[in-house]
Amino acid sequence: MHKRDKSAGALPSIQKTNSFFQDVWDVARQIPSGRATSYGAIAAYLGAKSSARMVGWAMNAVHNFPDIPAHRVVNRNGMLSGKAHFSPPERMEQLLKKEGIEVKDDVIVNFKEIFWNPTDELSL
DNA sequence: CCTTTGACTCACT
DNA sequence: CAGTGAGCCAAAG
């Protein structure tokens, strides 16, 4: 080995960048059905509440992982900010409704009630 | 290597 | 009460 093997190939990161991203995916994967969380909540759980944007980046990298329910991750307002990044944008709210989450005008209804806080649930 | 963007959030005006 | 600005960190160009 010389210094850095940046030739990953198919997967861009993952193999070498398993810090923040994998942590985000691990939390997102633990989101129960019918529940939703926010980027800041996950970031806060990871101890990087200031990096809520990075959580979104992690979701983008996870786009190829069907095991990561990115549709359960929304912004602080409960709005489907990332719906535009789904295969069909409508797919996000469709999945949420499918799980029993009511979505109105691209915003999760009763978001506060279905809000799943990893810092509270996983910290237990 | 430096610049720009990006699925956010908080705070101030 | 609503809109705009700045902060944040990392990856892609």
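In the text below, chain A, chain B and the rest are named by the order of the sequence lines, each starting its count at 1.
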Keeping A:Arg72 on the side-chain end and A:Ile31 on the backbone end, is there a donor-acceptor pair under 3.5 Å?
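Side chain of A:Arg72 to backbone of A:Ile31: a pair is present.
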
Give the B/S/- string for nucleotides 6-13 of chain B, one per nucleotide from 5' to 3', where a protein heavy atom under 4.0 Å of the base yields B, of only the sugar-phosphate yields S, and otherwise -.
BBBSS---

Flag the pair A:Leu96 / A:Leu80 as yes when at least one side-chain heavy-atom distance between them is below 4.5 Å, and no otherwise.
yes

Between A:Trp57 and A:Phe21, is any pair of side-chain heavy atoms under 4.5 Å apart?
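Yes, side chains in contact.
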
All N/O donor-acceptor pairs, side-chain side in residues 101-119 of chain A, below 3.5 Å, sequence neighbours left out:
residue, atom, partner, partner atom, Å
A:Asp106, OD1, A:Lys83, NZ, 3.3
A:Asp106, OD2, A:Lys83, NZ, 3.0
A:Asn117, OD1, A:Thr119, N, 2.9
A:Asn117, OD1, A:Thr119, OG1, 3.4

Quick one about A:Glu93 and A:His71 (side-chain donor to acceptor, distance below 3.5 Å, no hydrogens or angles considered), yes or no?
no

